[in-house]
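Here the structure comes first, spelled out in structure tokens, and everything after it is commentary.
Both backbone and side-chain heavy atoms feed into the values below; hydrogens, waters and symmetry mates do not. All of these numbers come straight from a predicted model, not from anything done at the bench. Each ligand, and each atom within it, is numbered from 1 in the order the structure gives.
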Amino acid sequence: MIILAIETSCDETSAAVLKDGREVLSNVISSQIEFHKKYGGIVPELASRKHIEVINPIIQEALDKANVKFKDLGAVAVTHGPGLVGSLLVGICAAKAISYSLNIPLVGVNHLEAHIYANYLDQNPKLPFICLLVSGGHTMLVMVKDHGKYKVLGRTRDDAAGEAFDKVARFLKLGYPGGPIIDKLAKEGNPNAIKFTRPMIEDGYDFSFSGIKTAVVNYYGKLSVVGSKLLVDIAASFQQTVVEVLTTKTIRAAKDNKCETIALAGGVSANSGLRKALMEKGQEQGLVVHIPPLNLCTDNAAMVGCLAHYLLKQGKVSDLKLPAVASLRL
Ligand code: KG4
Ligand code: ZN
């Protein structure tokens, strides 16, 4: 079964072609980051217009790279939330047109769930497992009990982890998006140079990142001169704080819930400090740790196609009324 998958929930237009759900024949991603950089963040109306400009060429490129024709497709999958409603609509309209004209099933996919399924593309996590889902809009600890069966153990009470990276970078005038920039700077800094408090590290499974962001802002605001050495130390210390909170809670959730396996998902899982710490500390505790390859961490359509494969197996298809749901929950 050949699935065409489409992802347009935020600022990446992506189309992928998958064979039998786990073999990625193509995964084309067109990012709008360069375009939004000058605004210091994503401008939703402009994002949807950019998706409209590139959606058809990106779909064609994905088919060409996979050496597949429209007539070969067995199903079309698309993210229908959460995300920016105008952006989501572009992908949904394209997918509906393809489904209708080829008379093939349409599969609406939850973007958060798709991030989790990036772990099924080159690995096979043993169920049940704990997934730390960290993106620009969401931070949650999820127990994946079975395909399609989730228990959300905790979530952020304020900023998402990626949002904290982006806001701190904006405040330090480092550029957008903040995650990859701070990650790069942190490699040159001393993570123990500044001791920011680790909020809620001992309490439950919920997170709070707004306090860390404020602590960095206050620390920076009190400095009269900021040399490049201090800047890399701030980046490294901030990153280390976020990583420690995320890692500690994920491992505790696995132990408490007697899960032997943990997985990482979402854009922040591209963070080198987080990848290293979760792998090392998880393995120290005897856990099996799954981390998707870098190109599958940030938004992409391959993860959407992978999830669609499992949904199709359960007979979960959508109809042509499939709506864009900006605040779709897991
Ligand atoms: O999952 P994603 O691509 O989009 C959403 O669904 O939100 O995540 C984007 C987020 C942004 O906040 C970005 O700064 C963050 O992921 N991110 C990173 C890194 N790469 C992307 N955060 C920390 N370190 C990185 N290397
Ligand atoms: Zn995402």
- Query: Closest N/O/S atom of His111 to the Zn ion (ligand 2), by atom name?
  - Reply: NE2
- Task: Report yes if some heavy atom in the side chain of Pro82 is under 4.5 Å from a heavy atom in the side chain of Asn110; otherwise report no.
- Result: yes
- What atoms of ligand 1 come within less than 4.0 Å of a heavy atom belonging to Gly136? 5 (C), 7 (O), 8 (O), 9 (C), 10 (C), 12 (O)
- Could you check which of Val242, Asn271, Val268 puts a non-hydrogen atom nearest to atom 15 (C) of ligand 1? Val268
- Under 3.5 Å, is there a donor-acceptor pair linking the side chains of His290 and Tyr120? no
- Query: If you measure from the Lys or Arg side-chain nitrogens to the Asp or Glu carboxylate oxygens, is any gap between Asp159 and Lys167 under 4.0 Å?
  - Reply: yes
- Can you find a pair of side-chain heavy atoms, one from Val134 and one from Leu264, that are under 4.5 Å apart? yes
- Within His115, is some N, O or S atom less than 2.8 Å away from the Zn ion (ligand 2)? yes
- Message: Give me the nearest non-hydrogen protein atom to atom 21 (C) of ligand 1 as residue plus atom name, then the distance to 0.1 Å.
- Response: Gly267 O, 3.4 Å
- Task: Return yes when at least one N/O/S atom of His138 is nearer than 2.8 Å to the Zn ion (ligand 2), and no when none is.
- Result: no
- So, is Gly266 polar-close to ligand 1, with some N/O to N/O distance under 3.5 Å? no
- Item | Side chains of Val288 and Lys126 in contact at under 4.5 Å (non-hydrogen atoms) | no
- Measure from the Zn ion (ligand 2) to every N/O/S atom of Asp299 and report the name of the nearest one. OD1
- Does Asp183, backbone or side chain, put an N or O under 3.5 Å from an N or O of ligand 1? yes
- Given salt bridge (Lys or Arg N to Asp or Glu O under 4.0 Å), test Lys37 with Glu34 step by step and report yes or no. CA-CA 5 Å; Lys37 252 182 187 167; Glu34 286 305 318; 3.0 Å; yes
- Message: Taking a cutoff of less than 4.0 Å between a non-hydrogen atom of the residue and any ligand atom, is His115 in contact with ligand 1?
- Response: yes
- If we only count N/O pairs under 3.5 Å, is Cys297 in contact with ligand 1? no
- Query: CD of Gln32 to NE2 of His51: how many Å apart, nearest 0.5 Å?
  - Reply: 4.5 Å
- Item | Test item: side-chain donor near acceptor, Asn271 and Gln239, under 3.5 Å | yes
- atom 2 (P) of ligand 1: nearest protein contact (heavy atom, Å): Asp299 OD1, 3.3 Å
- Query: Could a heavy atom of Cys10 be found less than 4.0 Å from some atom of ligand 1?
  - Reply: no
- For ligand 1, which atoms, with element, lie under 4.0 Å from some heavy atom of Gly162? 12 (O)
- Taking the six-membered ring where the residue is Trp, are the ring centres of Phe165 and Phe238 under 6.0 Å apart? yes
- Message: I'd like to know if Arg170 pairs up with Asp166 as an ion pair, taking the criterion as any Lys NZ or Arg NE/NH1/NH2 lying under 4.0 Å from an Asp or Glu carboxylate oxygen.
- Response: no
- Task: Report yes if His111 has an N/O atom closer than 3.5 Å to an N/O atom of ligand 1; otherwise report no.
- Result: yes
- Task: Taking only Lys NZ, Arg NE, NH1 and NH2, and the carboxylate oxygens of Asp or Glu, determine whether Glu53 and Arg49 approach each other closer than 4.0 Å.
- Result: no
- Query: Below 4.5 Å, heavy atoms only, C-beta onward: do Ile212 and Pro199 meet side chain to side chain?
  - Reply: yes
- Query: Under a 4.0 Å heavy-atom limit, does His138 contact ligand 1 with its side chain, its backbone, both, or neither?
  - Reply: neither
- Task: Provide, to 0.1 Å, the distance between atom 18 (C) of ligand 1 and the closest protein heavy atom, together with that atom's residue and name.
- Result: Gly179 CA, 3.5 Å
- Query: Quick one: nearest non-hydrogen protein atom to atom 14 (O) of ligand 1, plus distance?
  - Reply: Asp166 OD1, 2.7 Å
- With a cut-off of 4.0 Å, which atoms of ligand 1 are near a heavy atom of Gly137? 7 (O)
